[in-house]
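Okay, so here's the structure we're looking at.
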Amino acid sequence: MPDRYEPAIIEPKWQQRWREADLFRTGEDPNRPKFYCLDFFPYPSGSGLSVGHLKNYIPTDVLSRKKVMEGFNVLHPMGWDAFGLPAETAAIREKRHPADLIREYAETYKRQQNLVGIGYDWSREISSSDPEFYKWTQWIFLILFKRGLAYQGEFPANWCPVDKTVLANEEVEGGRCWRCGNPVEKKMLKQWFFKITEYAQRLLDDLDEIEWPEGIKAMQRNWIGRSEGVEFRWNVVGTDKSFTVFTTRIDTVFGATFCVLSPEHPLVSEIVTEERRESVEQYVLEASRLNEQDRLAVGREKTGVFSGAYAENPFSGEKAPVWIADYVLMGYGTGAIMAVPGHDERDFEFAKKFGLEIRQVIEPLDGVERALPFEATDGRMVNSGEFDGLTCAEGQSRLADVIESRGIGARRVNYRLRDWLVSRQRYWGCPIPVVHTADGEIEAVPESELPVLLPPVESYEPTETGESPLAAIEEFVQTTDSRGRPARRETDTMSGFACSSWYFLRFCDPRNSERAWDPKKVEYWMPVDCYVGGAEHAVLHLLYARFWTKVLYDEGLVPFKEPFSVLRNQGMLLAQTPFRKPREGETLHVGEEGVQISFEEAAQLPPDQVFYRWEKMSKSKGNVVTPEEAVSRYGADALRVYELFEAPFEQTIQWTDERVMGAVRFVNRVFKVSDSLRKNFIRNWRSGVTSAQFDRSESALRFATHCAIEKVSKDIDDFRFNTAVAALMEFVNSISDFARTADFNRESARLAASEAIENLLLLIAPVAPHTADEVWESYGLEGFTLNKTWPKADPSLMKMDEVTVVLQVNGKVRANIQAPASSTQEDLERLALENEKVRQHIGDLAVRKVIVVPGKLVNVVVG
RNA sequence: GCCCAGGUGGUGGAACGGUAGACACAGGGGACUUAAAAUCCCCCGGGGAAACCCAUGCGGGUUCGAAUCCCGCCCUGGGCACCA
């Protein structure tokens with residue numbers, strides 16, 4: 001009989017029994033409600049998992065297990081986002097095929113997840129690089145293609161010279177590649193795009209329907225960047241040419257003392273005067289050479305050149321010089337602006353530098369003079385002719401009306417969101433299923449010919465030119481079009497984000513070889529009830545998946561508009577990471593205080609040269625604790641308890657051995673208290689408790705039992721795992737105290753203890769499933785705890801006969817009394833006023849008011 | 001600069017507007033032990049002999065009562081950033 005926690009013995013034993021019993025097979029009983037609990041699609045890497053990755057796998061497992069016990073059909077699957085660069089890079093390095101590598105990596109992940117007792121239904125395992133999967137990724141691509149939502153275009157794209165592929169805007173972070181961190185370059189390349197911009201408004205609107213962290217919603221709103229304004233035409237003086245500007249501040253149009261065109265604007269070369277042509281061309285050339293990061297650098301001084309041309313302000317009739325400057329971006333709005341230096345900081349800066357006129361046309365409502373630029377919109381128009389005196393809001397609406405009636409422009413909504421650049425010039429991705437005919441047409445590969453398989457080749461190194469390595473594989477490229485004529489296959493592959501934009505649908509029906517999914521199954525399981533992963537995908541995966549879902553909805557393939565009803569982001573796990581102080585003459589990057597070193601190196605250096613910092617646990621930081629290490633040192637259940645208990649789910653935590661030991665001690669106490677009560681256990685306590693007479697301490701234990709049921713149930717539902725574990729600890733402490741002091745000659749004591757211990761095992765089962773099953777079995781109880789019914793608290797047992805009432809005088813606590821729970825307000829008021837302590841503090845003062853909160857407190861207000 | 005989270009003991013963290021510090025970690029004391037480890041019990045925000053007083057980043061406010069609500073600051077973490 002187990003009297004302590006021996007993870008090395010019990011954990012492998014139960015994991016094997018669960019596997020043999022196929023315990024985690026997804027339930028499909030039509031009489032039960034469903035619950036779809038999903039972790040972000042992981043990218044298996046060669047370094048395997050760390051205990052940091054478990055910060056989301058453990059909580060979703062706890063929730064899933066509880067939902068199973070509550071009688072839900074629970075879909076809790078796992079699969080692999082298998083295409084993409086890390087596997088391909090590793091494969092090239094190791095001279096092996098990425099498919100083999102990814103299989104190994106996934107096996108490692110799977111083994112590690114099993115090691116900590118995560119209950120996935122492995123019969124539904126999928127891998128996005130499996131042709132059975134990517135056939136359907138291609139099928140969905142063709143749906144987008146046929147709906148006109150996938151197109152090829154040639155634009156300056158973000159090119160990562162290290163990864164040798166283009167990137168989507170969402171994959172560029174501060175001008176650098178999100179994966180390798182290198183600055184991206186602009187490269188003119190023919191690329192495939194998805195028209196996500198067409199869905200901008202819907203992606204914005206439907207955020208209101210989903211229960212996601214506000215921060216993530218804010219980031220998506222910000223990324224989509226809706227702004228309302230007007231677009232209108234300016235005529236270039238002395239020519240028949242004109243350009244259109246977009247502004248959100250049409251109320252400031254009388255202050256538009258110049259205009260600016262982006263260097264890439266097509267009109268630049270047409271309007272430039274001969275004497276300015278050389279300097280303008282020089283400037284445009286320089287601008288094109290700048291990379292995105294440098295061009296957009298914070299605090300960079302404004303640059304620009306005068307074109308020599310003037311444009312007429314359609315309101316004031318004044319002639320405004322037209323400048324060319326790279327602070328105006330071609331990709332947003334119209335690539336041309338009216339510059340209002342009096343009310344826009346950027347225009348102000350530019351005007352200052354080049355000595356252009358700065359004019360105030362809005363004054364603050366309070367009449368107090370402000371320094372220009374005055375950007376607030378709660379002002380009044382001045383120096384604006386007939387519009388003087390209007391507020392900004394009134395002016396915006398009136399001027400927009402005028403523009404529309406004069407036919408020179410219109411109201412317009414702009415979005416910052418750009419189309420999703422989806423093609424990649426790499427081998428290890430899902431091939432784009434189109435062919436290019438000899439006469440330049442693009443044809444979809446017929447559905448019957450899907451999947452377009454990646455050719456099994458030896459060499460697929462990326463090129464420097466922006467051409468996919470597949471282009472060099474003639475057997476792949478050479479094909480025929482729909483009329484049998486020679487044609488060339490598309491050689492770019494899709495970004496991995498295409499695969500992860502629909503994988504959650506495949507999990508509903510993962511082995512379907514006829515279709516991407518059976519609509520009935522998707523309708524049953526979707527949307528995902530609880531989606532858990534890191535916040536770093538706020539505008540990547542989470543935006544793309546929403547977009548694809550809406551397209552599939554429009555196509556009539558799914559009956560919902562949003563894929564993930566509830567989203568949660570887990571916090572990071574940090575670990576102590578050694579650094580050494582810089583050596584003489586060694587220079588560090590900005591913000592760095594030392595050089596990161598290995599633990600071995602730290603041990604050899606003199607202590608005053610070494611310092612530690614908390615860094616995110618990752619292979620590159622050399623601070624990883626693997627699940628294997630943690631499980632062998634502490635045990636899976638203790639590891640689970642630790643990660644759940646340490647801090648709230650969404651909070652970053654610091655890996656600390658001492659605290660994990662605290663979790664080990666707790667699991668141990670569960671074994672100890674169970675062992676001490678085993679001989680007093682009454683199996684059919686349920687029928688006994690209805691008639692037994694319980695004494696005070698027995699009733700107190702029953703009270704603790706039912707409070708624990710209530711608290712743990714609610715906390716798990718609310719993702720408050722830390723307080724759920726705290727409640728379990730408190731409950732174990734109550735049972736231990738009872739076990740030590742109770743008189744087990746009394747049957748009622750044995751009944752109360754039996755009720756407590758059996759409920760404890762059920763409540764702890766999702767958190768520490770090996771422990772629960774082990775003790776369960778040692779009590780002679782049958783089956784797995786997962787198949788038992790989740791306990792329900794009896795409200796009548798959660799009331800106490802006597803309650804503690806706090807007595808306050810003027811809001812300060814002066815005494816505590818025990819009073820019958822049934823005491824009325826009048827009773828409590830009387831008890832308070834009779835209380836010796838309270839009377840002392842009242843003294844001679846007059847009682848003005850008595851506040852009574854029944855069952856809680858009495859506050860006597862005097863003075 | 002803008003948008004989100006957050007600031008509570010030595011530490012991680014609890015706390016429907018109602019006893020601030022649950023539950024843990026570390027620390028101290030004790031029991032058991034030849035001893036240590038493990039385990040168990042007790043103490044553990046600060047000041048004060050006590051009565052009491054002071055304490056939830058800072059300053060105001062609302063309230064019988066504020067860690068919690070409101071206003072204005074400061075600091076930390078994360079995200080976005082020349083988007084007109």
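Each chain gets a letter, A, B and so on, in the order the sequences are listed, and its residues count up from 1. Keep in mind the model is a prediction, meaning the values are calculated, not measured.
Among the atoms of the strands shown, only primed sugar atoms or phosphate atoms (P, OP1, OP2) are found under 4.0 Å from some heavy atom of A:Lys837. Residue A:Val245 is classed as having no contact, given no heavy-atom separation below 4.0 Å to the nucleic acid. Among the heavy atoms of the strands lying under 4.0 Å from A:Asn733 are primed sugar atoms or P, OP1, OP2 only; no base atom is included. Nucleic acid contact for A:Val861: sugar-phosphate only, since backbone atoms but no base atoms lie under 4.0 Å from a heavy atom of the residue. Within 4.0 Å (heavy atoms only), A:Pro648 reaches sugar-phosphate atoms of the nucleic acid but no base atom. Within the nucleic acid shown, A:Phe645 comes within 4.0 Å of at least one base atom, counting heavy atoms only.
The C1' atoms of B:rC3 and B:rG21 are separated by 33 Å, rounded to the nearest whole Å. Atom name C1', nucleotides B:rC25 and B:rG17: the rounded distance is 31 Å, in whole Å. Nucleotides B:rG59 and B:rC52 have their C1' atoms positioned 27 Å apart, rounded to a whole Å. Going from the P atom of B:rC44 to that of B:rG29 covers 15 Å, rounded to whole Å. If you take atom C1' in B:rC58 and the same atom in B:rC80, they sit 29 Å apart, rounded to whole Å.
Taking atom CD of A:Glu650 as the reference point, atom P of B:rG13 lies 11 Å away to the nearest angstrom.
For the segment residues 723-730 of chain A, residues with any heavy atom less than 4.0 angstrom from an atom of RNA chain B are, sorted by number, A:Thr723, A:Ala726, A:Met729, A:Glu730. RNA chain B is contacted by A:Gln808, A:Lys812, A:Val813, A:Arg814, A:Asn816 of residues 808-817 of chain A, taking any non-hydrogen atom closer than 4.0 Å. Near RNA chain B, meaning a heavy atom under 4.0 Å from it, residues 652-662 of chain A has A:Glu658, A:Arg659, A:Gly662 in order of number. Annotation: proximity of residues 333-345 of chain A to RNA chain B (heavy atom, distance under 4.0 Å) is found for A:Ile337, numbered in ascending order.
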Sequence neighbours excluded and cut-off under 3.5 Å, please list the side-chain donor-acceptor pairs for residues 725-738 of chain A, or say none.
unit_1, atom_1, unit_2, atom_2, d
A:Asn733, ND2, A:Met729, O, 3.4
A:Ser734, OG, A:Glu730, O, 3.1
A:Ser736, OG, A:Val732, O, 2.9
A:Asp737, OD1, A:Arg740, NH2, 3.1

Please table the atom pairs, donor to acceptor, closer than 3.5 Å between any side-chain atom in residues 851-863 of chain A and protein atoms at least two apart or in another chain.
unit_1, atom_1, unit_2, atom_2, d
A:Asn859, OD1, A:Asn810, N, 3.4
A:Asn859, OD1, A:Gly811, N, 2.9

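With sequence neighbours left out, A:Thr723 forms a side-chain hydrogen bond (donor to acceptor under 3.5 Å, both in side chains) with A:Asp715. A:Lys352 is linked by a salt bridge (Lys or Arg N to Asp or Glu O under 4.0 Å) to nothing, counting only residues two or more places apart in sequence or in another chain. Residues meeting the salt bridge (Lys or Arg N to Asp or Glu O under 4.0 Å) test with A:Arg546, sequence neighbours left out: A:Glu562.
For the pair A:Glu643 and A:Lys55, the salt-bridge criterion is not met [side-chain N within less than 4.0 Å of a carboxylate O]. A salt bridge links A:Lys353 with A:Glu301: the closest approach of a Lys/Arg side-chain nitrogen to an acidic carboxylate oxygen falls below 4.0 angstrom.
For residues 651-664 of chain A, the set of pairs meeting the salt bridge (charged side-chain N to carboxylate O under 4.0 Å, His left out) definition, not counting sequence neighbours, comprises A:Arg633-A:Asp657, A:Glu646-A:Arg659.
No more than 12 heavy-atom neighbours from other residues, nucleotides or ligands sit within 6.0 angstrom of CZ on A:Arg848.
Neither OP1 nor OP2 of B:rA84 sits under 4.0 Å from any side-chain N or O of A:Tyr327.
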- So what's the dot-bracket for RNA chain B: Watson-Crick or G-U pairs under 3.5 Å, [ ] if a pair crosses, | if it pairs off-strand? (((((((..(((.....[....))).(((((.......))))).(((....)))..(((((..]....))))))))))))....
Polar-atom pairs under 3.5 Å, protein N or O versus N or O of nucleotides 36-40 of chain B: list them with distances, or write none.
none

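If you check B:rA84, B:rA5, B:rG18 against the side chain of A:Leu857, the one that comes closest is B:rG18. Comparing B:rG18, B:rC52, B:rC82 against the side chain of A:Lys302 picks out B:rC82 as the nearest.
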- Item | Intermediate values then yes/no, side-chain hydrogen bond (donor to acceptor under 3.5 Å, both in side chains), A:Thr771 and A:Asp637 | CA-CA 7 Å; A:Thr771 297; A:Asp637 280 349; 2.6 Å; yes
